[in-house]
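Structure record follows, encoded as structure tokens.
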Amino acid sequence: MQNVRMQTQNNSFLDGLRTIVGASHVLTDDLGFYELDWRKKYHGKALAVVKPANAGEISQIIKLCAAHRISIVPQAGHTSLVGGSVPNESGEQLVLNVARLNAIRAIDLVNNTMTVEAGCILQTVQETATAHDRLYPLSLAAEGSCQIGGNIGTNAGGVQVLRYGNTRELIMGIEVVLPSGEILESLRGLRKDNTGYDLKQLFIGAEGTLGIVTAAVLKLYPKPRATQTVIVGLQSPTAALKLLNLMRSHLAERLTAFELISALSLSLVLKHIPGQRAALADQFPWYVLLEANDSQSIAQLELAMQTALEEAFEAELIQDAVLSKNETEAKQFWGLRENITEAQTIESKNIKHDISVPISKIAEFIERTDALLEAKYPGVRIVNFGHLGDGNLHYNIAHPVATHTEASWFALYEEVNELVHDSVHHFGGSISAEHGIGQLKREQIKRYKSDTELKVMRAIKAALDPLGIMNPGKVI
Ligand SMILES: Cc1cc2nc3c(=O)[nH]c(=O)nc-3n(C[C@H](O)[C@H](O)[C@H](O)COP(=O)(O)OP(=O)(O)OC[C@H]3O[C@@H](n4cnc5c(N)ncnc54)[C@H](O)[C@@H]3O)c2cc1C
């Protein structure tokens, strides 16, 4: 009897959805893609997937959901690495996919802004900016699939944060449909606006728990005229930190990326990814991939880069360096960095961490945490790489071959996680630098956030979403 009543309610809900968006935009069969996360760790079951076309339709959908007490999982490009865009296993949640909101609404070349809808693919936004001789600097390996709504939901970082900041720094206005169904329209694109609370910031990094972002005003930059990419070999993270300071003193804001790569990380790329070859003739314990750009000529940039590198050689901070000769070679260098994730997956499953500590503490963090892990699990393999210039490491740990199998290693998942995250906490760091909390780290943040921080987060959630229908089970 209970089941029959639920089925009738669900049917009436689905009919309501079809009336709002049209039957072809309500999916109930073959939902596999929408229910499985990118890492294939979480496999949920959705009541349906709805694909609305605009904020007005989303507003009506949310009101319908509130009336039926059906919760919503906002979804954009579905590349979340923390299970943020997957429904739970109840079969009772609605996936609201924003891919159809994909218009570029306006470009203002004097204000240097672009107004886009949430379903625009990041790469399309980058290409549109380029076509107008501008730069939208957010750049990450998932840029061909991830969408602006998801970038905002996760406050995505990527490889140019050093110069241009996270997504948070690139958003000048926002349009959001609130859990009440009201539309908060704040697409002003103002560089100065001190009229009270900066509401847009609440929704950036909220992982869809406070509302559905439908559009945003993005900040554009002048398109660089010259880019120089370099790989250096060096002995330690301490040397890398000193190099970062030296490079900054020579290149200042022109330094856009400063990526640390361990020898093990590089060796996995060379072993597993076809077509990749080492940039330097000799092997080193550590490498840094760095990039700078300039609105002046390449000659000027090269001169500044070469002067800086010569000083680094003289100070014995680096032992070798190679500068890209052209764009193709720069892409090859980036391939060595961007393929690490795939290469390590091919090698073996590993326990991943996306952490940050103050930049000044990175070397100490690595030394201490490596030692703690090695003492507890001799022979452990640490695949360590990341955005050193932002204090952000992807510190991933594969099993010691002599003592563990992949399965026995994953049985220690929580224990290994806790060791690493406790060490992050020891240095005043964060257990999620750029991927978010999602469902992966929801329990873990309770250990590292203060009671007051959690209380304020819960109060904000309760104030905006009293029914708890917006992406429940994620973040808090
Ligand atoms: C290969 C790869 C490389 C990556 N590299 C990086 C990196 O370098 N830096 C980095 O920061 N991240 C990286 N990521 C993860 C990153 O979070 C996502 O790539 C991206 O920002 C998420 O966008 P998406 O459109 O796929 O969002 P989704 O995965 O669909 O959603 C992400 C979160 O945002 C919410 N959300 C989605 N749409 C909306 C909306 N319209 N309104 C409100 N909430 C919404 C979802 O509910 C979910 O919680 C990488 C992922 C992959 C697969």
Side-chain angles (χ1 to χ4, degrees), residues 33-34 36-42 44 49 52 55 58 62 71-87 93-102 116-125 138-161 165-168 171 174-179 184 200 202-216 257 259 334 337-342 345 352 354 356 385-387 390 392 394 432-442 470-475:
F33 168 79
Y34 306 93
L36 181 65
D37 79 308
W38 191 85
R39 279 187 173 150
K40 302 187 172 45
K41 184 177 169 71
Y42 298 101
V49 174
I58 293 178
I62 292 181
S71 60
I72 300 166
V73 180
Q75 189 179 83
H78 202 25
T79 65
S80 167
L81 297 177
V82 291
S85 50
V86 202
Q93 293 192 307
L94 177 70
V95 171
L96 192 153
N97 184 294
V98 294
R100 286 180 68 221
L101 284 86
N102 60 3
V116 305
E117 295 187 342
C120 287
I121 292 176
L122 173 58
Q123 194 173 326
T124 309
V125 170
L138 184 66
S139 175
L140 43 128
E143 62 199 22
S145 310
C146 65
Q147 299 168 8
I148 296 300
N151 297 156
I152 294 174
T154 58
N155 182 27
V159 292
Q160 301 208 86
V161 172
N166 293 300
T167 298
R168 194 178 292 288
I171 302 299
I174 210 167
E175 180 187 87
V176 192
V177 187
L178 301 176
L184 182 87
K200 65 178 177 296
L202 268 183
F203 303 95
I204 304 172
E207 301 182 44
T209 60
L210 299 179
I212 297 184
V213 176
T214 48
E259 301 287 309
W334 273 108
R337 162 65 181 86
E338 285 177 343
N339 282 301
I340 297 174
T341 306
E342 195 183 332
T345 309
K352 297 183 192 300
D354 160 41
S356 68
F385 62 99
H387 317 292
D390 313 325
N392 173 195
H394 299 305
S432 182
E434 55 177 13
H435 298 159
I437 297 295
Q439 29 186 327
L440 183 70
K441 295 180 182 169
R442 194 180 71 125
M470 205 54 80
N471 219 2
K474 316 287 165 51
V475 187

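Atom set for the values below is all heavy atoms of this structure, side chains included, hydrogens, waters and symmetry mates excluded. Both ligands and their constituent atoms are indexed starting at 1 by order of listing.
- Nearest heavy-atom pair, Pro52 versus Asn97, reported as atom, atom and distance to 0.1 Å: CD-O, 3.4 Å.
- Residue-level contacts of ligand 1 at the 4.0 Å heavy-atom threshold are Trp38, Pro74, Gln75, Ala76, Gly77, His78, Thr79, Ser80, Leu81, Gly84, Ser85, Val98, Ala118, Leu140, Ala141, Ala142, Cys146, Gln147, Gly149, Gly150, Asn151, Gly153, Thr154, Ala156, Gly157, Gly158, Glu207, Gly208, Gly211, Ile212, Val213, Glu434, His435, Asn471.
- Ring geometry, His394 versus Phe385: the interplanar angle falls from 30° to 60°, so the pair is classed tilted.
- Glu143 places no side-chain N or O within 3.5 Å of a backbone atom of Gln123 that could act as its donor or acceptor partner.
- Phe203 and Ile174 make their closest contact through CB-CD1, 4.2 Å (heavy atoms, listed as atom of the first residue, atom of the second, distance).
- Ser71 places no side-chain N or O within donor-acceptor distance of the main-chain N or O of Gln93, the cut-off being under 3.5 Å.
- Proximity of a side-chain donor or acceptor of Asn155 to a complementary backbone N or O of Asn166 within less than 3.5 Å is not detected.
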